[in-house]
Amino acid sequence: MDAANKSVSEFVLLGLSKSWELQLFFFMVFSLFYVATIIGNSLIVITVIADSHLHSPMYFLLTNLSIIDMSLASFATPKMVTDYLTGHKTISFDGCITQIFFLHLFTGTEIILLMAMSFDRYIAICKPLRYASVISPWVCVALVVASWIVGVMHSLSQVIFALTLPFCGPNEVDSFFCDLPVVFQLACVDTYVLGLFMISTSGIIALSCFIILFNSYVIVLVIIKHHSSKGLSKALTTCTAHFIVVFMFFGPCILIYMWPLNSFLIDKILSVFYTIFTPILNPVIYTLRNQEVKTAMRKLKNRLLNPNKTTPLHYF
């Protein structure tokens with residue numbers, strides 16, 4: 001590690017507010033959101049695994065999305081709610097770098113996974129006769145592995161960049177977790193050049209991926225509009241849910257990384273949105289708007305409440 005970095009051994013996380021009343025409020029709200037996120041996404045994973053009717057590429061990708069959402073909600077939220085209780089709001093330099101690594105790992109992986117889900121829906125609706133051959137189980141596994149590889153590579157680039165920064169004085173991070181837009185402003189160098197680097201490596205990538213996803217869903221929705229069958233109506237519901245998730249995830253990311261010198265208040269609100277709110281909204285959107293998942297969950301509940309009742313087995 002660069003010797004200049006050693007002058008700062010820890011950072012102080014200022015959090016969202018200095019008011020004790022607001023901190024208590026945030027503790028209760030974020031604790032409930034975190035528990036709901038873990039329970040909701042875990043329920044999706046268990047339901048998909050337990051119900052053979054959901055053993056399809058779309059739900060395989062959805063299961064991996066739930067796993068990423070649980071991970072994204074866990075890299076900083078538990079420490080934040082704990083800090084509100086203990087009042088200990090410091091984080092070591094290595095801990096700060098670790099948070100940056102996992103944040104970009106999970107967000108980078110989710111970006112590629114959302115693109116894979118978009119590709120899956122595009123083939124299913126626009127090329128239905130070729131779906132089984134194009135979206136095979138091996139292709140699904142390859143897409144998930146590729147998303148994690150891209151996430152790791154992107155995350156390592158951000159960590160290497162952070163480790164090269166000289167920190168020689170200020171150590172107060174005006175947020176509840178470490179991320180480059182707030183940490184790099186504490187470096188003892190010209191932040192203008194650093195901001196351009198961040199825009200080119202994170203902001204433009206996020207914006208480009210969002211444009212690709214937006215265009216793909218527009219094409220799918222145009223095709224659906226010209227048909228009125230029951231199957232395509234179901235596809236419309238699924239694609240609408242996917243697009244809502246994409247918009248909620250990419251919107252805050254693009255604003256934070258395309259304009260890294262925004263006001264800290266806006267950055268805090270956006271950070272809370274995509275690290276705490278979005279991971280819990282994903283299972284809500286996918287379960288409330290998906291009849292197959294709701295039916296599978298009811299079957300799973302009945303199976304757990306009536307373990308002695310035999311049900312026919314389904315194989316795929």
Side-chain angles (χ1 to χ4, degrees), residues 8-42 65-110 151 155 158-159 162 167 170-186 198 202 245 248-253 255-257 260 262-284:
V8 174
S9 60
E10 65 179 17
F11 292 97
V12 179
L13 300 174
L14 298 182
L16 300 175
S17 174
K18 295 182 180 180
S19 168
W20 167 247
E21 292 78 9
L22 281 178
Q23 290 184 32
L24 182 60
F25 171 77
F26 291 145
F27 168 77
M28 293 186 295
V29 171
F30 294 154
S31 296
L32 290 175
F33 267 87
Y34 179 69
V35 172
T37 297
I38 299 301
I39 293 176
N41 283 287
S42 297
L65 179 64
S66 291
I67 293 173
I68 295 175
D69 281 335
M70 287 189 286
S71 303
L72 182 60
S74 300
F75 89 97
T77 305
K79 174 174 173 52
M80 178 183 63
V81 297
T82 302
D83 289 348
Y84 283 140
L85 283 182
T86 62
H88 183 73
K89 297 184 179 180
T90 61
I91 184 172
S92 66
F93 183 88
D94 291 337
C96 186
I97 296 299
T98 300
Q99 283 194 340
I100 293 175
F101 173 81
F102 282 116
L103 170 63
H104 287 271
L105 169 63
F106 300 137
T107 53
T109 302
E110 182 157 342
S155 184
Q158 303 303 298
V159 167
F167 296 97
N171 68 336
E172 292 186 340
V173 177
D174 197 3
S175 182
F176 61 93
F177 64 89
C178 289
D179 191 14
L180 283 179
V182 287
V183 172
F184 90 94
Q185 297 188 45
L186 302 178
M198 201 160 28
S202 296
V245 171
M248 291 190 307
F249 179 79
F250 277 92
C253 290
L255 289 175
I256 287 177
Y257 292 102
N262 270 345
S263 72
F264 286 117
L265 177 59
I266 295 176
D267 285 349
K268 286 180 181 181
I269 295 174
L270 295 174
S271 297
V272 168
F273 194 84
Y274 79 86
T275 60
I276 297 177
F277 291 161
T278 300
I280 183 56
L281 289 177
N282 287 354
V284 171

Problem - All side chain to side chain donor-acceptor pair (under 3.5 Å) counterparts of Gln99, not counting sequence neighbours - result: none
Practice task
Begin with the C-alpha distance, continue with both residues' side-chain angles, and end with the deciding distance and a verdict on side-chain contact (heavy atoms from CB on, under 4.5 Å) for Leu16 and Tyr84.
Solution key: CA-CA 10 Å; Leu16 300 175; Tyr84 283 140; 3.8 Å; yes
Problem - Residue pair Phe102 / Ser71, side-chain heavy-atom distance below 4.5 Å - result: no
Handout entry: Aromatic ring proximity, centroids under 6.0 angstrom, Phe26 and Phe176
Key = no
Exercise for the section: Check side chain to side chain donor-acceptor pair (under 3.5 Å) between Thr107 and all other residues, then give those that pass, not counting sequence neighbours. Expected result: none
Practice task
Keeping to residues at least two apart or across chains, list the salt bridge (Lys or Arg N to Asp or Glu O under 4.0 Å) pairs with something in residues 10-22.
Solution key: none
Exercise for the section: Could you pull out all residues at least two apart from Phe273 that satisfy ring pair (Phe, Tyr, Trp, His ring centres under 6.0 Å)? Expected result: none
Exercise for the section: State which residues pass salt bridge (Lys or Arg N to Asp or Glu O under 4.0 Å) with Lys79; sequence neighbours excluded, sorted by chain then number. Expected result: Asp83
Practice task
Under the side chain to side chain contact (heavy atoms under 4.5 Å, CB included) rule, collect the residues that match up with Ser42, sequence neighbours excluded.
Solution key: Ile38, Met70
Handout entry: Residues forming a side chain to side chain donor-acceptor pair (under 3.5 Å) with Asp69, sequence neighbours excluded
Key = Asn282
Fill in the blank from the handout: Sequence neighbours excluded, the answer for side chain to side chain donor-acceptor pair (under 3.5 Å) partners of Thr90 is His88
Handout entry: With sequence neighbours excluded, residues passing ring pair (Phe, Tyr, Trp, His ring centres under 6.0 Å) with Phe101
Key = none
Handout entry: Leu186 and Glu172, any side-chain heavy atoms less than 4.5 Å apart
Key = no
Problem - Separation between CD1 of Ile67 and CG of Leu72, rounded to the nearest 0.5 Å - result: 13.5 Å
Exercise for the section: With sequence neighbours left out, write down each residue that passes side chain to side chain contact (heavy atoms under 4.5 Å, CB included) with Thr77, or none if nothing qualifies. Expected result: Tyr34, Met80, Val81, Ile276
Handout entry: Closest non-hydrogen atom pair, Val183 against Cys96
Key = CG2-SG, 3.9 Å
Exercise for the section: Just jot down the side chain to side chain contact (heavy atoms under 4.5 Å, CB included) partners of Thr37, sequence neighbours excluded, or say none. Expected result: Asn41, Ala73, Pro279, Ile280
Handout entry: Test item: Leu13 and Cys178 side chains (from C-beta on) under 4.5 Å apart, heavy atoms
Key = yes
Problem - ring pair (Phe, Tyr, Trp, His ring centres under 6.0 Å) involving Phe249 - partner list, sequence neighbours excluded - result: none
